[in-house]
Amino acid sequence: MDLQLKGKVIIITGGAKGIGAAIVHACATEGAVPVIVGRDAAAGQALQAELQTSGASCGLITVDLSTPESCAQAIDQTLKDFGRIDALVNNAGRNDKVGLEHGGPSEYSASLNRNLVHYYSMAHYALPHLKQSRGTIVNIGSKTAVTGQGSTSGYASSKGAIMALTREWAAELLPYGIRVNTVIPAEVMTPLYRHWLDTFPNPEEKLQTILAKIPLEKRMTTAEEIAATAVFLISAKSAHTTGQHIFVDGGYVHLDRALT
Ligand code: NAP
C-alpha cells in the first residue's frame, strides 16, 4: 500500500527512542522526512546518522519540551530547515509517578508540563503550517487514562486530557480538513518501560506476570506496531478518520479478564 507520504515533513516529539524512534523509522521507510524533536542529543544524533547513511532525510532538533518557548523554537527550526509541516506526532512523555499521597500541587503542575502542556503548545505553534498543508495530528496516549494505575495523578490526568483534546481539536479543526487522532498503547518494551521494569526486585518475574494478562498472544505490543498505526493515521489512507482513540494493545484494556 502506498501511503503517499513521500517528501512529507513529519515532526515526532520524543522521536529519538522507543515508540517515537519506531515512528521516525516508519516515516523514513515511507519516504517522508521525519523531524526528531527531543532532549537526548546523543540518541537523536545516532538515529539521524543511521537514517542518513541509508539515504533517508531526517531532521533533528534538540530541546526539552517542558516550556512553550522550546516548542515554538522546535516549530520555527523545522520551518527553517524544511519549509513546511505536514504532520505532528505528539509522543514525548514519561510516567513520573506524581500521586496524591506522594506528590503535591507543585509536583503535579510540573508533571502536567512534562506530559501535557507541550502537546498543546506544539499543536498551537504548528497550526498555521498544518492549515497550509491540510496536515494531521497524531497523539500518543496511554491506557492509564482509562484504567488508572495508582500513584500517578500527573501522568494519568495528562493522558486523559490528551484523549479529550483529540476530540476537541478534531472538532475545532474540521473547517481546515485537519484530522486529529490518538493511538493508545498499553505495554510496549521501550527504554522507558525497561527502566520501569528494572525498578522491581525481580524484573523478569514481573514481566511474566504482565505478559500473562495480555489477551492476544500473551506478548508485549511492539513499538513497530504502534508506529504502523500512527503512520496509517497520518496518511491519506485514513482520510475519513478523525477524533478517534485507537487502542493498539492486544486487547489489554477492553477484552474480558476471563480471557487471561
Ligand atoms: P521512551 O523510551 O522514554 O522514549 C521517549 C523519548 O521522549 C525519550 O527520548 C525521552 O527523552 C523523550 N522525552 C520525554 N519527555 C520529553 C520532554 N519533555 N522533552 C523532550 N524530550 C522528551 O518512552 P516510550 O515508552 O517510547 O514512550 C513514548 C510515549 O508512549 C509516551 O508518551 C508514553 O507515555 C507512551 N506510552 C508508552 C507505553 C509503553 O509501554 N512504553 C505505554 C503507554 C503509553 P529522555 O530519554 O531524555 O527521557
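Start at 1 and go down the list; that is how both ligands and their atoms are numbered.
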inquiry  = If you measure every N or O of Lys159 against every N or O of ligand 1, does any of those distances drop under 3.5 Å?
reply    = yes
query = Which atoms of ligand 1 sit under 4.0 Å from any heavy atom of Glu187?
reply = 40 (O)
ask   = Would the number of heavy atoms belonging to other residues, nucleotides or ligands and lying under 6.0 Å from NZ of Lys218 be above 12?
value = yes
key: For atom 19 (N) of ligand 1, closest protein heavy-atom neighbour   = Leu65 N, 2.9 Å
remark   = ligand 1 to Pro191, heavy atom cutoff 4.0 Å, flagged ligand atoms 2 (O)
key: atom 32 (O) of ligand 1: the protein heavy-atom neighbour that sits closest, reported with distance to 0.1 Å   = Asn91 O, 2.6 Å
inquiry  = Ring of Tyr252, cation from Arg257 - is the NZ or CZ under 6.0 Å from the centre and inside 45° of the axis?
reply    = yes
message = Other residues, nucleotides and ligands only: do more than 12 of their heavy atoms fall within 6.0 Å of OH on Tyr120?
response = no
query = Counting both backbone and side chain atoms, is some N or O of Lys143 under 3.5 Å from an N or O of ligand 1?
reply = no
request  = Considering the heavy atoms of Gly14, write down every atom of ligand 1 situated less than 4.0 Å from one of them.
outcome  = 6 (C), 7 (O), 12 (C)
message = Check this for me, if you would: do Arg194 and Asp198 make a salt bridge, where the nitrogen-to-carboxylate-oxygen distance has to be below 4.0 angstrom?
response = yes
ask   = At what distance is the nearest protein heavy atom to atom 34 (O) of ligand 1, and which residue and atom is it?
value = Tyr155 OH, 2.5 Å
request  = List the closest protein heavy-atom neighbour of atom 39 (C) of ligand 1: residue, atom name, distance to the nearest 0.1 Å.
outcome  = Val188 O, 3.5 Å
For atom 2 (O) of ligand 1, closest protein heavy-atom neighbour = Leu192 N, 3.2 Å
task = Please could you name the atoms of ligand 1 that Gly18 approaches to less than 4.0 Å, counting only its heavy atoms?
result = 2 (O), 26 (O)
Minimum side-chain heavy-atom gap Ile226-Pro185 below 4.5 Å = yes
ask   = Where's the contact between Ala186 and ligand 1, heavy-atom distance under 4.0 Å: side chain, backbone, both or neither?
value = backbone
Residue pairs fulfilling side chain to side chain donor-acceptor pair (under 3.5 Å) with at least one residue in residues 9-21, sequence neighbours excluded = Lys17-Asp40
message = Give the atom numbers and elements of ligand 1 that come within less than 4.0 Å of a heavy atom of Ser66.
response = 18 (N)
task = Heavy-atom contacts with Ile19 under 4.0 Å: which atoms of ligand 1 show up? List them by number with element.
result = 26 (O), 30 (O), 37 (C)
key: Under 4.0 Å to a heavy atom of Gly141 - the qualifying atoms of ligand 1, by number   = 35 (C), 36 (N), 44 (C)
query = Ion pair present between Glu225 and Arg219, side-chain N to carboxylate O less than 4.0 angstrom?
reply = yes
query = Please, which pairs that meet side chain to side chain donor-acceptor pair (under 3.5 Å) have at least one residue in residues 125-137, sequence neighbours excluded?
reply = none
task = Determine whether Lys237 and Phe232 make a side-chain contact, defined as any pair of heavy atoms from C-beta on separated by less than 4.5 Å.
result = yes
task = Identify, for atom 43 (C) of ligand 1, the protein heavy atom at the shortest distance, and state residue, atom and that distance.
result = Pro185 O, 3.4 Å
task = Could you tell me whether Val63 approaches ligand 1 through its side chain, its backbone, both or neither, with non-hydrogen atoms closer than 4.0 Å?
result = backbone
query = What protein heavy atom sits nearest atom 21 (N) of ligand 1, and how far away is it?
reply = Arg39 N, 3.4 Å
For Tyr119, atoms of ligand 1 separated by under 4.0 Å from a heavy atom = 32 (O)
request  = Count the heavy atoms belonging to other residues, nucleotides or ligands that lie under 6.0 Å from CZ of Phe200, then report whether that count exceeds 12.
outcome  = yes
task = Evaluate whether atom CG of Leu100 has more than 12 neighbouring non-hydrogen atoms of other residues, nucleotides or ligands under 6.0 angstrom away.
result = no
message = Tell me the protein heavy atom at minimum distance from atom 13 (N) of ligand 1, and give that distance in Å.
response = Ala92 CB, 3.8 Å
message = Does only the side chain of Trp196 get under 4.0 Å from ligand 1, or the backbone, or both, or neither? Count heavy atoms.
response = neither
ILVMFWY network linking Trp169 to Ile184, side-chain heavy atoms under 4.5 angstrom = no
ask   = Quick one: does Asn115's side chain have a donor or acceptor within less than 3.5 Å of a partner on Tyr155's backbone?
value = no
